[in-house]
Novice: 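After the structure tokens below, expect a handful of questions from me.
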Amino acid sequence: MSKLILGILASGNGSNCRAIHKAITDGLCKAQIGVIISNHAEAGVLQFARENGIPAFHIASEQFSEISEFHAAIKNCLSQHQVHLVVLAGYMKKIGKPILDIYPNRIINIHPALLPAFGGKGMYGHHVHQAVLEYGAKITGVTVHFVDPEYDHGKIILQKAVEVMEDDNVESLSARVLKAEHETYYKAINLFANEYAENTF
């Protein structure tokens with residue numbers, strides 16, 4: 001039986017990509033990674049992909065004179081690798097409408113807080129954890145959500161709460177939230193994999 005094929009977009013080391021790959025390898029995630037794309041040529045996630053025999057491509061807007069050409073390159077790459085679900089894993093570029101139109105409700109992202117709290121433009125990585133601590137929140141967490149034209153705005157798919165400790169700093173909170181991301185993302189992907197297996201995708 002064919003599996004749900006993922007196209008992963010990442011900008012950096014790709015810890016969530018690695019966690020998804022491990023979940024697949026361990027038999028916990030019923031999908032397969034078809035291609036990994038990064039907007040940074042030296043991104044660790046591309047090296048990881050090549051080491052594991054996964055097609056890997058550097059596609060950045062700076063390579064094209066028109067943004068439409070950039071979108072077309074992304075779309076063509078995803079299409080050539082028969083991607084069913086686009087997974088953002090620390091991808092630091094806003095997804096353009098041409099790609100959203102091709103994959104309606106088939107592009108997902110993970111955010112290091114419980115949306116709609118602590119989301120929006122500029123709220124990523126340590127900025128989120130700093131805001132959580134400054135606000136004095138007792139609970140934070142992770143949110144897997146659909147991607148739409150607005151930052152961190154799409155419908156929520158799955159969430160996992162993480163307690164904020166009294167002695168937390170940005171680094172300690174970030175580490176626990178990242179662990180929750182790794183434990184949650186593949187479970188959200190499985191929801192799509194189950195739909196695909198039942199031919200209701």
Side-chain angles (χ1 to χ4, degrees), residues 2-25 29 31-112 119-128 144-154 157 178 181-182 185-186 188-189 192-193 196 201:
S2 61
K3 290 186 176 181
L4 182 78
I5 298 176
L6 310 178
I8 297 183
L9 275 60
S11 294
N13 198 43
S15 72
N16 268 305
C17 176
R18 294 165 193 254
I20 291 166
H21 182 266
K22 185 177 188 305
I24 291 170
T25 302
C29 185
Q32 67 184 75
I33 301 174
V35 65
I36 295 175
I37 299 171
S38 180
N39 57 317
H40 291 149
E42 303 302 319
V45 71
L46 293 180
Q47 180 64 29
F48 170 80
R50 292 168 185 135
E51 289 171 355
N52 287 276
I54 301 169
F57 297 91
H58 168 230
I59 304 176
S61 57
E62 295 80 10
Q63 296 169 313
F64 305 92
S65 58
E66 300 289 340
I67 193 68
S68 60
E69 296 174 348
F70 168 61
H71 292 149
I74 294 281
K75 288 192 298 181
N76 290 340
C77 187
L78 294 172
S79 176
Q80 286 167 8
H81 292 87
Q82 300 178 308
V83 167
H84 303 125
L85 182 70
V86 179
V87 178
L88 308 188
Y91 187 62
M92 304 306 292
K93 295 281 287 185
K94 195 170 186 179
I95 299 299
K97 187 175 184 299
I99 301 171
L100 290 170
D101 289 345
I102 293 293
Y103 291 93
N105 294 321
R106 293 293 179 265
I107 305 177
I108 64 174
N109 182 49
I110 193 162
H111 183 76
K121 188 174 182 179
M123 293 299 282
Y124 61 89
H126 72 276
H127 299 291
V128 176
V144 182
H145 65 95
F146 288 107
V147 175
D148 69 10
E150 297 182 43
Y151 286 108
D152 304 325
H153 177 264
I157 300 166
L178 186 62
E181 290 184 40
H182 295 169
Y185 217 174
Y186 79 86
I189 292 169
F192 293 90
Y196 182 75
F201 188 82

Novice: Examine distances only and state if a side-chain atom of Asp148 and a backbone atom of Glu150 form a donor-acceptor pair shorter than 3.5 Å.
Specialist: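 Pair found, side chain donor or acceptor close to backbone of Glu150.
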Novice: For Thr25, enumerate each residue passing the side chain to side chain donor-acceptor pair (under 3.5 Å) test, keeping only those at least two apart in sequence or located in another chain.
Specialist: none
Novice: So, for Arg18 and Val45, which heavy atoms are closest and what is the spacing to 0.1 Å?
Specialist: NH2-N, 4.3 Å
Novice: Please name all residues satisfying salt bridge (charged side-chain N to carboxylate O under 4.0 Å, His left out) with Lys93, sequence neighbours left out, ordered by chain then number.
Specialist: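 Result, salt bridge (charged side-chain N to carboxylate O under 4.0 Å, His left out) vs Lys93: none returned.
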Novice: Considering all heavy atoms of both residues, which atom of Tyr196 and which atom of Leu4 are nearest to each other, and what is their separation?
Specialist: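 Closest approach of Tyr196 to Leu4, heavy atoms only: CD2-N, 3.6 Å.
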Novice: What distance do Ile74 atom CD1 and Ile99 atom CD1 have between them, rounded to the nearest 0.5 Å?
Specialist: 5.0 Å
Novice: Using the side-chain contact (heavy atoms from CB on, under 4.5 Å) rule, pick out the option among Val87, Leu88, Val86 that qualifies with Val147.
Specialist: Leu88
Novice: By side-chain contact (heavy atoms from CB on, under 4.5 Å), which residues pair with Phe146, not counting sequence neighbours?
Specialist: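 So Phe146 forms a side-chain contact (heavy atoms from CB on, under 4.5 Å) with Asn105, Ile108, Lys155, Ile157, Phe192.
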Novice: If the condition is side-chain contact (heavy atoms from CB on, under 4.5 Å), which residues does Gln63 pass it with, not counting sequence neighbours?
Specialist: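 Scan of Gln63 (side-chain contact (heavy atoms from CB on, under 4.5 Å), adjacent residues dropped) gives His58, Ile59, Ala60.
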Novice: How would you list, by chain and number, every residue that makes a side-chain contact (heavy atoms from CB on, under 4.5 Å) with Ala19, sequence neighbours excluded?
Specialist: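 Ala19 satisfies side-chain contact (heavy atoms from CB on, under 4.5 Å) with His182 once adjacent residues are dropped.
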Novice: What's the shortest heavy-atom distance between Val83 and Val35, and which atoms?
Specialist: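 Shortest heavy-atom separation between Val83 and Val35 comes out as CG2-CG1, 3.8 Å.
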Novice: Quick check against the 3.5 Å criterion: does Arg50 have a side-chain atom that pairs as donor or acceptor with the backbone of Pro55?
Specialist: no
Novice: Out of curiosity, Ser61 OG to Ile67 CD1, how far, rounded to the nearest 0.5 Å?
Specialist: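 The CD1 atom of Ile67 is 5.0 Å from OG of Ser61, to the nearest 0.5 Å.
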Novice: Can you list the residues that meet the ring pair (Phe, Tyr, Trp, His ring centres under 6.0 Å) rule with His71, with sequence neighbours excluded?
Specialist: none
Novice: With a cut-off of 3.5 Å and sequence neighbours excluded, list every side-chain donor-acceptor pair involving residues 37-44.
Specialist:
{"residue": "Ser38", "atom": "OG", "partner": "Ala10", "partner atom": "O", "Å": "2.8"}
{"residue": "Ser38", "atom": "OG", "partner": "His40", "partner atom": "N", "Å": "3.1"}
{"residue": "Ser38", "atom": "OG", "partner": "His40", "partner atom": "O", "Å": "3.3"}
{"residue": "Asn39", "atom": "OD1", "partner": "Ser11", "partner atom": "OG", "Å": "2.7"}
{"residue": "His40", "atom": "ND1", "partner": "Ser11", "partner atom": "O", "Å": "2.9"}

Novice: Compare all side-chain heavy atoms of Leu6 with those of His84 and state whether any distance is below 4.5 angstrom.
Specialist: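 The answer is no; the side chains never approach within 4.5 Å.
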Novice: Quick one: ring pair (Phe, Tyr, Trp, His ring centres under 6.0 Å) partners of Tyr103, sequence neighbours excluded?
Specialist: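 Ring pair (Phe, Tyr, Trp, His ring centres under 6.0 Å) list for Tyr103, sorted by chain: empty.
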Novice: Report the residues that fulfil ring pair (Phe, Tyr, Trp, His ring centres under 6.0 Å) with Phe57, sequence neighbours left out, ordered by chain and then residue number.
Specialist: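 Listed in chain order: His81.
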Novice: If you count the non-hydrogen atoms of other residues, nucleotides and ligands that lie under 6.0 Å from CD in Gln82, is the total more than 12?
Specialist: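 12 or below, so no.
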Novice: Hey, could you give me the OH/OG distance between Tyr185 and Ser15, rounded to the nearest 0.5 Å?
Specialist: 11.0 Å
Novice: Might you point out which heavy atoms bring Cys17 and Ile33 nearest each other, and give the distance in Å?
Specialist: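 What the structure gives for the nearest pair is O-CD1, 4.4 Å.
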Novice: Roughly how far, to the nearest 0.5 Å, is CD1 of Ile36 from CG of Leu9?
Specialist: 10.0 Å
Novice: Among all residues two or more places apart in sequence or in another chain, which pass the side-chain contact (heavy atoms from CB on, under 4.5 Å) test with His127?
Specialist: Tyr124
Novice: Answer whether the closest heavy-atom distance between the side chains of Pro112 and Glu181 falls below 4.5 Å.
Specialist: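 With C-beta onward as the side chain, the pair touches.
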Novice: Measure across Ile189 and Ala31 and return the closest heavy-atom pair with its distance rounded to 0.1 Å.
Specialist: CG2-CB, 4.0 Å
Novice: To the nearest 0.5 Å, what is the distance between CG (Asn76) and CD (Glu69)?
Specialist: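 Nearest 0.5 Å value for the CG-CD distance: 11.5 Å.
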Novice: Only counting residues at least two apart or in another chain, list the ones meeting salt bridge (charged side-chain N to carboxylate O under 4.0 Å, His left out) with Lys94.
Specialist: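 Salt bridge (charged side-chain N to carboxylate O under 4.0 Å, His left out) list for Lys94, sorted by chain: empty.
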Novice: Kindly give the heavy-atom pair with the smallest separation between Arg106 and Leu85, and that separation in Å.
Specialist: O-CD1, 3.4 Å
Novice: Mind running side chain to side chain contact (heavy atoms under 4.5 Å, CB included) on Val128 and His111 for me, showing each step along the way?
Specialist: CA-CA 9 Å; Val128 176; His111 183 76; 3.9 Å; yes
Novice: With Glu51, which residues qualify under side chain to side chain donor-acceptor pair (under 3.5 Å), at least two apart?
Specialist: Gln47
